[in-house]
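These numbers come from the heavy atoms of this one structure, side chains and all, not from hydrogens, waters or symmetry mates.
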Amino acid sequence: MRKIFAAVLATASATVLFMATPAGAVDGPWNPYTGTTSNWHCGSTVTIRPGFQAQSCIVVSGTNYQGATIISLTSATTVMASTRTWEAGSETLPSRECFIEERPVGRSVCFNATRSGPNGDGVQAVSSVSDDIAGKEWVSPTVIL
């Protein structure tokens, strides 16, 4: 089903940047959005299409870090999201694919697994989100552990 969904997206719009499911991806649930704190480092809000916005964040606590993709919807929409992390210029696997499902109006978040790295390494989240109309991929700010 995921490959069919990706194929429909690719033909729906030339601007779609959604990538096929990466090797080593793990499916996971969407989580309720409860807000951010000072250890959340989020990029600018990206408009996927009118009524559908998202942010890519890297959450850091000491040398532990986790990628997060926050979505904001003004109408219920079936959404696919992937959250990946990079450490010192290399992707850390597995990525997290949040279930393709209808998300309600409001905000939801797709977390990657918590990881640990050495002091001094730069970490960053990579977020990919799409629906049946549009999709984008972008990155969070880089944070030094």
Requested in this report: Find the distance between OG (Ser127) and CG (Asn112) and round it off to the nearest 0.5 Å.
Outcome: 9.5 Å

Query - Nearest-0.5 Å distance that lies between atom SG in Cys110 and atom CD1 in Ile70 - result: 11.0 Å

Report task. Given side chain to side chain contact (heavy atoms under 4.5 Å, CB included), test Val123 with Thr85 step by step and report yes or no. Result -> CA-CA 7 Å; Val123 294; Thr85 52; over 6 Å; no

Query raised in the report: For Arg49, which residues count as a salt bridge (charged side-chain N to carboxylate O under 4.0 Å, His left out) partner, sequence neighbours excluded?
Result: Asp131

Query raised in the report: salt bridge (charged side-chain N to carboxylate O under 4.0 Å, His left out) with Arg107: which residues, sequence neighbours excluded?
Result: none

Query raised in the report: If you round to the nearest 0.5 Å, how far is CD of Glu102 from OG1 of Thr77?
Result: 7.0 Å

Query - Ser130 side chain vs Gly135 backbone, donor-acceptor pair below 3.5 Å - result: no

Query raised in the report: Thr142 and Gly122: which non-hydrogen atoms are nearest, and at how many Å?
Result: CG2-CA, 4.1 Å

Query raised in the report: What's the verdict on side chain to side chain contact (heavy atoms under 4.5 Å, CB included) for Ile71 and Ile48, showing C-alpha distance, side-chain angles and the deciding distance?
Result: CA-CA 10 Å; Ile71 63 167; Ile48 310 305; over 6 Å; no

**Report entry** Considering all heavy atoms, the nearest Ser56-Ala125 contact
**Finding:** OG-O, 3.5 Å

Requested in this report: Begin from the C-alpha positions of Ile58 and Gln124 and carry the test side chain to side chain contact (heavy atoms under 4.5 Å, CB included) through to its verdict.
Outcome: CA-CA 6 Å; Ile58 189 81; Gln124 184 177 50; 5.7 Å; no

Report summary line: Minimal heavy-atom distance between Gly67 and Thr83, with the atoms involved, is C-CG2, 3.4 Å

Report task. Check for a donor-acceptor pair, side chain of Asp121 on one end and backbone N or O of Leu145 on the other, with a separation under 3.5 Å. Result -> no

Query raised in the report: What's the shortest heavy-atom distance between Thr78 and Ile100, and which atoms?
Result: CG2-CG2, 3.7 Å

Requested in this report: Kindly state each residue pair satisfying ring-ring contact (aromatic ring centres under 6.0 Å, His included) with at least one member in residues 49-88, sequence neighbours excluded.
Outcome: none

Query - Minimum heavy-atom distance Pro32-Val109, with the two atoms named - result: O-CG1, 3.8 Å

Query raised in the report: When rounded to the nearest 0.5 angstrom, what distance separates CG in Asn119 from OG1 in Thr63?
Result: 6.0 Å

Query raised in the report: When you check the side-chain N and O atoms of Ser82 and Ser128, is any donor under 3.5 Å from an acceptor?
Result: no

**Report entry** Residue of the set Arg115, Glu87, Arg84 for which side chain to side chain donor-acceptor pair (under 3.5 Å) holds with Thr92
**Finding:** Arg115

**Report entry** Sequence neighbours excluded, every pair satisfying disulfide bond (SG atoms under 2.5 Å apart) that has a member inside residues 113-145
**Finding:** none

**Report entry** Residue pairs fulfilling disulfide bond (SG atoms under 2.5 Å apart) with at least one residue in residues 36-76, sequence neighbours excluded
**Finding:** Cys42-Cys57

**Report entry** OG-CD distance between Ser44 and Gln53, expressed to the nearest 0.5 angstrom
**Finding:** 11.5 Å

Report task. Name all pairs fulfilling the ring-ring contact (aromatic ring centres under 6.0 Å, His included) condition that reach into residues 111-145, sequence neighbours left out, sorted by first residue then second. Result -> Trp40-Phe111

Requested in this report: Indicate yes or no: at least one non-hydrogen side-chain atom of Leu73 is less than 4.5 angstrom from one of Val79.
Outcome: yes

Report summary line: Output for pair (Arg103 CZ, Ser72 OG), nearest 0.5 Å, gives 12.5 Å

